[in-house]
Amino acid sequence: MVRGSKKITSHELAEFPYILIVGNSEKDSELEYCRTVLGIESNFKLVETYDEALMQVISGADIF
């Protein structure tokens with residue numbers, strides 16, 4: 001066991017907001033993958049670029 005490590009469930013992950021960086025044509029398939037394969041039911045903030053995601057985090061816009 002690694003010191004300080006903790007396992008969490010996908011249910012616990014749903015409490016956190018997610019920023020998903022994805023192009024317009026891939027939004028639906030990426031959301032489906034995150035929800036069905038990864039089991040994450042969180043609300044996702046969809047952005048198209050890393051810079052846009054960074055600005056969302058810095059500004060706290062609709063994230064926390």
Hey, does Val57 have a side-chain heavy atom less than 4.5 Å from the side chain of Ile19? yes
Could you measure the distance from the CG atom of Leu38 to the CD atom of Glu30? Nearest 0.5 Å is fine. 9.5 Å
Any donor-acceptor pair under 3.5 Å linking the side chain of Glu32 with the backbone of Asp28? no
Rounded distance [0.5 Å steps], CD1 in Ile21 versus NZ in Lys45: 13.0 Å
Could you go step by step and tell me if Leu46 and Leu31 meet the side-chain contact (heavy atoms from CB on, under 4.5 Å) rule? CA-CA 9 Å; Leu46 302 174; Leu31 282 172; 3.9 Å; yes
Closest non-hydrogen contact found for Lys27 with Asn24 is NZ-OD1, 2.8 Å
Looking at side-chain heavy atoms only, is the closest gap between Tyr18 and Asn43 below 4.5 Å? no
Heavy atoms only: give me the nearest Thr49-Glu52 pair and the separation to one decimal. OG1-N, 3.0 Å
Just so I know, are the side chains of Phe44 and Arg35 near enough to count as touching, which here means a heavy-atom distance under 4.5 Å? yes
Let me confirm one number: the CD-CG distance from Gln56 to Asp51, rounded to the nearest 0.5 Å. 12.0 Å
